[in-house]
Structure formats: C-alpha cells, structure tokens
Amino acid sequence: MYLPAQTIASFFLILNEPDHPPRYNIAPTQPVLAVFQSPAGRRGVPMRWGLIPHWARDIKIGAKLANARSETLHEKPSFRTAFNRRRCLIPADGFYEWVAVKGRKQPYFIRRRDGNPLAFAGLWEVWVAADQSELVSCTIVTTAANREMTPVHHRMPVILEPGQFDRWLDPDNQNPRSLCDLMRPMRDGGLVLQAVDDYVNRTGNEGPRCIEPAATFPTPSSPPEPPAQMNLFED
DNA sequence: CCAGACGTTGTT
DNA sequence: GTCTGG
DNA sequence: CCAGACGTTGTT
DNA sequence: GTCTGG
C-alpha cells in the first residue's frame, strides 16, 4: 500500500511556562519544562531536551535521544535506568508534525480538542560533565499513532491524563511492567490538527506565527470512525 | 579478555 | 554503567 | 524534528 | 549523503 507522504516525529512543541516568555518552537537540545516527583512534592524544572545517559562521554549523544520508544524502553541501556527511577511529565499546549509534499515540508500543529494542555510522558537523567558540572536532560516517550494522528504520522508522544500522573511519576514504583498500560496511544477523538505556516520550520523562528493556520493546506482527513470495538487498552 | 556501542525517525 | 561482538 | 553545512591555512 | 546546531 502506498501511504501518503511521510512525516516526522520530533514533537517540536509549544510551552507556556509560568514566569517565562511563551515558547512556540522548542527544538531538541533546547530547555523544556519537565515535572518530576521529589520527596517534597512535584517540581517543575527546565531540562535539556534530548536525554544524555549518565555514562555518556559526550553531550552530543543527547541530540539523538529526543524520543524513546515505549515498546523497548525497558531494555535500552540509554533509557533503562531512567525508566525505572526517573520518570517525568512534560507539559505543552501542543506539538508539531511534518508531512513532506512535493519537496516541501508541511507542518501541522496538534493540540487537545478540549483546549487543555498536554502532558507528555518523559524520562530524565543527570549527567556530570568533565568539569564536574551537572546537566539535567529529558526525553519524550512515543507510542503508535491514534486515529487523528494516523494521517500525518505512525507515531505519537505518550500523552497522560491527570488521573495517571501519580502512577507515572511515583519514583518508588520501579516495576516497569506495571506501567505498560500507561504507554498507549491517546484515546481517539481527543486531538485536533491544524496545518500551519512553515515559519515554524526554522528553529530560530519564535512566536504566535508558528501556529498561524496555513492558507493553502487543509487539515488531513481522518479515516472513518471504526465500528464499535472491544476495549483493547483497558482504561 | 578488550573495544565499541549505547537511539529514533523515516527513507529505500 | 552494561551489553555485544570479536 | 528541520535547516544548513560539508575545509584548510594563516591572520588578528 | 551525512553530520551538526538549534
């Protein structure tokens, strides 16, 4: 079968962080707000996007680790330890995906239909540089695309609901198998896509123009509603 | 044992 | 740090 | 993820 | 084509 032109999944995202200017175009290696569970409660701190394993010699490895596949997290040397002990949430108003069409890359902005922010499942890590300085970094966990995402890409970030936050963040839960049910595609129908101006394609560009609707490209149509089905993902 | 990798996406 | 390939 | 560079010698 | 910077 010939699929529509492909996409990417880097989840360049929008972030509105209290007391900081809003960001509309966060790229890997840039700081993103991440929330984790500390003994004193939940804390949000800026972390470098792109996880740097504690054993890394070179900071550059982080650029390749912006995402972590949920299916294999538990066995990857780069993610295993963080998965067991350092899970986090990464809040965002939305994220982008691109579809390559005739030598062009058409970006789409994806947000919740209900207007609330998203909470991506993430992992974080502390890396000690050669000069002994510490750098905290994070990665976003991915899973298969849900119905709305399928027209633009076959993967999507794991998006958690408030009722799931505690379990995901609990540092005392070091049993990966008990977390499998959290790492599923978001329920169908919860997201909306909007084709936007390719201003966002340049990482140096910032501001609301990144989510300005594109005049010439329509939102891709979703496949028809599936028939009534068994509950495969037991929520 | 030592040396070298350690990742995701999408592309063909 | 830990695993894999040689 | 996307955009942009992709090099050496010698100069300040 | 592949790597780097953002």
Side-chain angles (χ1 to χ4, degrees), chain A residues 1-15 21 23-32 46-86 90 92 94-110 118 120-130 135 137-145 149-158 174 176 183 185 193 195-207 209-211 214:
Chain A
M1 174 159 85
Y2 201 86
L3 297 173
Q6 51 32 4
T7 353
I8 334 171
S10 103
F11 317 127
F12 283 49
L13 38 93
I14 288 195
L15 169 69
R23 292 292 313 275
Y24 289 79
N25 198 2
I26 299 175
T29 72
Q30 295 180 344
V32 67
M47 299 186 186
R48 183 184 165 109
W49 182 20
L51 188 138
I52 303 156
H54 68 99
W55 43 258
R57 292 186 183 179
D58 191 343
I59 192 175
K60 286 189 228 167
I61 192 175
K64 303 176 185 178
L65 304 181
N67 298 122
R69 287 180 66 89
S70 57
E71 297 89 340
T72 52
L73 277 177
H74 58 282
E75 58 190 21
K76 298 293 184 184
S78 295
F79 300 132
R80 237 179 355 205
T81 326
F83 181 47
N84 285 336
R85 304 176 40 182
R86 285 178 297 279
I90 296 155
F95 61 101
Y96 303 98
E97 290 286 357
W98 285 261
V99 178
V101 184
K102 287 180 281 189
R104 235 179 57 88
K105 290 182 181 175
Q106 173 61 51
Y108 289 86
F109 178 56
I110 300 119
L118 302 165
F120 299 137
L123 311 175
W124 64 282
E125 190 69 83
V126 181
W127 180 69
V128 181
L135 180 60
S137 60
C138 64
T139 188
I140 294 172
V141 178
T142 65
T143 185
M149 291 299 297
T150 298
V152 295
H153 195 46
H154 64 103
R155 304 288 294 172
M156 71 183 295
V158 169
Q174 300 185 9
M183 298 187 288
L193 283 71
V196 293
D197 197 286
D198 61 9
Y199 179 77
V200 72
N201 290 13
R202 201 178 296 264
T203 57
N205 289 344
E206 252 299 334
R209 188 174 163 189
C210 291
I211 57 170

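Labels below follow one simple rule: chain letters A, B, ... track the order of the sequence lines, proteins then strands, and each chain is numbered from 1.
Proximity of Asn201(A) to the phosphate of dA3(D): a side-chain N or O atom is located under 4.0 Å from OP1 or OP2. Distances shown here put every side-chain N or O of Thr139(A) at or beyond 4.0 Å from the OP1 or OP2 atom of dG7(B). Arg57(A) has no side-chain polar atom (N or O) that falls below the 4.0 Å cut-off from OP1 or OP2 of dA5(B). Contact check, Arg155(A) against dT9(B): a side-chain N or O comes under 4.0 Å of OP1 or OP2. Close to dG6(E), at under 4.0 Å from its OP1 or OP2, lies no side-chain N or O of Arg48(A). A close approach under 4.0 Å does occur between a side-chain nitrogen or oxygen of Thr72(A) and OP1 or OP2 of dT8(B).
For the pair Ile52(A)/Ile61(A), a side-chain contact is recorded, criterion being any heavy-atom separation below 4.5 Å from C-beta on.
Of the candidates dG6(E), dG7(B), dT9(B), dG6(E) carries the atom nearest the Ala63(A) side chain, counting heavy atoms from C-beta on. The listed nucleotides are dG4(D), dG5(E), dT9(B); the one nearest the side chain of Arg202(A) is dG4(D). Set against dT8(B), dG6(E), dC3(C), the side chain of Arg80(A) has dC3(C) as its closest nucleotide. The side chain of Phe79(A) lies closest to dT8(B) when the candidates are dG6(E), dC6(B), dT8(B). Listed candidates were dT9(B), dC6(B), dA3(D). Nearest to the side chain of Ser78(A) is dC6(B). Checked against dG6(E), dT8(B), dG7(B), the side chain of Pro77(A) finds its nearest nucleotide in dG7(B).
Ring-plane geometry between Phe95(A) and Phe120(A) is classed as perpendicular, the angle between the planes exceeding 60 degrees on a 0 to 90 degree scale with a lower cut at 30.
Distance Leu123(A) CG to dT8(B) P: 11 Å, rounded to the nearest Å. Following rounding to the nearest Å, Leu65(A) (CG) and dG5(E) (C1') show an atom-to-atom distance of 16 Å. Spacing between atom CG of Asn205(A) and atom P of dG4(D) amounts to 10 Å, rounded to whole angstrom units. Going from atom OH of Tyr24(A) over to atom P of dG6(E) covers 23 Å, rounded to whole Å. The separation between His54(A) atom NE2 and dC6(B) atom P is 16 Å, rounded to whole Å. We find that CD1 of Ile61(A) is positioned 11 Å from P of dT8(B), with the value rounded to whole Å. Distance, Glu75(A) CD to dT8(B) P: 9 Å, rounded to whole Å. As a whole-Å value, the separation of Ile59(A) CD1 from dC3(E) P is 19 Å.
With Ser137(A) contributing its side chain and Trp49(A) its backbone, the two residues share no donor-acceptor pair below 3.5 Å.
Closest approach of Glu71(A) and Thr142(A) over heavy atoms only: OE1-O, 4.1 Å. The nearest pair of heavy atoms linking Leu73(A) to Ala68(A) is CD2-CB, 3.6 Å.
Remark: the separation of the P atoms in dT4(E) and dG7(D) is 10 Å, to the nearest Å. Taking the P atoms as reference points, dT9(B) lies 23 Å from dG5(E), given to the whole Å. With both ends at atom P, the span from dT8(B) to dG6(E) equals 25 Å, rounded to whole Å.
Figure legend. dG5(C) is base-paired to dC2(B); pairs are counted as Watson-Crick or G-U wobble with both atom distances under 3.5 Å.
Here Trp55(A) does not pack flat against the base of dT2(C), since the 5.5 angstrom centre distance and 30 degree tilt limits are not both met.
Within 4.0 Å of Thr29(A), counting heavy atoms only, lies at least one base atom of the nucleic acid.
Shown here are the ring-ring contact (aromatic ring centres under 6.0 Å, His included) partners of Trp127(A), two or more places apart in sequence or in another chain: there are none.
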